[in-house]
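Nothing fancy with the numbering, it's 1 onward along the sequence.
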Amino acid sequence: MAPELSQPTAHTIGDSLGLLRERPPLVQCLTNIVVAQWTANTLLAIGAAPAMVDNPREAAEFAVIAGAVLVNVGTPYEETAAAMSAAVASASASGTPWVLDPVAAGALAWRTGLALALIEAATPRIIRGNASEILALAGGAGGKGVDSVDTPEAALEAAKALALHYGTTVAVSGPVDHLTDGVRVVRIANGNSLMTQVTGVGCALGALMAAFAAVVDDGLLAASAATAALTVAADEAARVSRGPGSFAVALLDELAALSPQALASAVRLS
């Protein structure tokens, strides 16, 4: 029987950031074309190393080298879909944790099928999405394009069921983030509405979850630490920003400046 995992706390979340900074992970990103540069910059700011290796000739080989793999289906093409399947299979075989961001799942049939096929092929360490995307993976209708029409609270029971069915962690983003492994539930109430006015902030969160999964075995703790780091940094960035443009710059600065102690002190858990 697997040992019972403890509930993530502010202390263990801060420690997770300390581990990431001590052992900077290499994160392979198979992500969408809208957010590739932003995602790479976000990983660099937190202290990880990004690698955008997303072609089918190299994706499987690199998944063995990487500390973790992010698969984001935001702008899927036949070639990148093949690379995602190859990377996931290789990650599973080599024990590399991988994270799925099912962007717009439920709104478009092909990518919904792709996301579900990837999950069936090899269980991700974490599935991160908005409420409608998570509901769609659980058999619901999905949202309006990439936007959610549901609340994280409404998706929590579906997230729990999805987590238990696949033996993974499911993170539902929103004004209050809800994260669960089917048994434990973490709610994080940091963050600012400016996060929704900069493209790719949610996608970057998936990459941060992959970075933490590379250094923390507990998927719920890794997802919680990534969410806490991004949203606490967003709180600080919003204080010195005049709008979305300056907020984006400040968010990278605050991620880079964030200490484990400051993270543990500022995160609002319930």
Side-chain angles (χ1 to χ4, degrees), residues 7-21 27 35 37-48 50 70 99 101 126 128-131 146-148 151-153 155-156 169-180 185-213 215-216 220-270:
Q7 183 76 4
T9 65
H11 180 73
T12 57
I13 284 172
D15 284 350
S16 298
L17 179 58
L19 283 175
L20 189 150
R21 293 273 170 70
V27 180
V35 305
Q37 183 181 23
W38 171 255
T39 299
N41 285 337
T42 304
L43 284 169
L44 287 168
I46 198 69
L70 166 70
V99 173
D101 193 335
I126 301 165
R128 186 223 75 86
N130 65 37
V146 299
D147 295 326
S148 181
T151 66
E153 293 84 356
L156 180 57
T169 288
V170 177
V172 188
S173 298
V176 176
D177 295 87
H178 286 55
L179 308 95
T180 182
V185 175
V186 175
R187 295 177 179 84
I188 299 177
N190 296 89
N192 187 279
S193 61
L194 282 169
M195 297 172 73
T196 65
Q197 296 181 46
V198 176
T199 189
V201 172
C203 296
L205 177 56
L208 292 178
M209 289 184 181
F212 278 96
V215 297
V216 176
L220 184 61
L221 177 57
S224 299
T227 302
L230 185 67
T231 55
V232 167
D235 287 340
E236 296 303 314
R239 297 186 215 283
V240 297
S241 302
R242 294 188 298 113
S246 55
F247 173 77
V249 174
L251 181 56
L252 293 179
D253 290 345
E254 295 297 339
L255 271 174
L258 187 63
S259 70
Q261 296 77 17
L263 178 58
S265 176
V267 64
R268 297 197 292 271
L269 295 174
S270 61

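Note: T151 OG1 to N130 CG = 11.0 Å, rounded to the nearest 0.5 Å. The distance from atom CG of L179 to atom OG1 of T227, rounded to the nearest 0.5 Å, is 4.5 Å. The distance from the CG atom of L258 to the CD atom of E236 is 8.5 Å, given to the nearest 0.5 Å. Atom CD1 of I46 sits about 5.0 Å away from atom CG of L255, to the nearest 0.5 Å. The CG atom of N190 sits 10.5 Å away from the CG atom of L230 when rounded to the nearest 0.5 Å.
Legend: residues meeting side-chain hydrogen bond (donor to acceptor under 3.5 Å, both in side chains) with D15, ordered by chain and number and at least two apart, are H11. Annotation: salt bridge (Lys or Arg N to Asp or Glu O under 4.0 Å) contacts of R242 (sequence neighbours excluded): none. Qualifying side-chain hydrogen bond (donor to acceptor under 3.5 Å, both in side chains) partners for D253, counting only residues two or more places apart in sequence or in other chains: none.
At a threshold of 4.5 Å between non-hydrogen side-chain atoms, the residues L20 and S16 do not count as touching. Contact annotation: the side chain of I188 never approaches that of H178 to less than 4.5 Å [non-hydrogen atoms, C-beta and beyond]. D177 places none of its side-chain heavy atoms less than 4.5 Å from the side chain of P152. Within the 4.5 Å cutoff, side-chain heavy atoms of L208 are placed close to those of T42.
Residue G243 comes nearest to L194 through the heavy atom pair C-CD2, 4.1 Å, listed as atom of the first residue, atom of the second, then distance. The heavy-atom pair separating M209 from A171 by the smallest distance is CE-CB, 3.6 Å. Taking every heavy atom of both residues into account, I13 and A228 meet most closely at CG2-CB, 3.8 Å. Annotation for P260 and G14: closest pair CB-O, 3.2 Å, computed over non-hydrogen atoms. The two residues A250 and V240 come nearest to each other via the heavy atoms CB-CG2, 4.0 Å. Across every non-hydrogen atom of V27 and A211, the tightest pair is CG2-CA, 3.7 Å.
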Exercise. Under the side chain to side chain contact (heavy atoms under 4.5 Å, CB included) rule, what do W38 and L252 come out as? Steps first, then yes or no, please.
Key: CA-CA 9 Å; W38 171 255; L252 293 179; 3.8 Å; yes
Self-check item: Verdict with reasoning, V198 to F247, per side chain to side chain contact (heavy atoms under 4.5 Å, CB included)
Solution: CA-CA 8 Å; V198 176; F247 173 77; 3.8 Å; yes
Practice problem: Evaluate the criterion side chain to side chain contact (heavy atoms under 4.5 Å, CB included) for residue pair Q7 and V186; output intermediate values, then yes/no. | Solution: CA-CA 8 Å; Q7 183 76 4; V186 175; 3.6 Å; yes
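Side-chain contact check for T9 and T12: at least one donor-acceptor pair (N or O, by modelled atom type) lies under 3.5 Å.
Looking only at distances, no side-chain donor or acceptor of T180 sits under 3.5 Å from a matching main-chain atom of V185. Side-chain atoms of R128 come within 3.5 Å of backbone N or O of G202 as a donor-acceptor pair. Side-chain atoms of R268 come within 3.5 Å of backbone N or O of A189 as a donor-acceptor pair.
I126 pairs in a side chain to side chain contact (heavy atoms under 4.5 Å, CB included) with only one of the listed residues (V99, D101, L70), which is V99.
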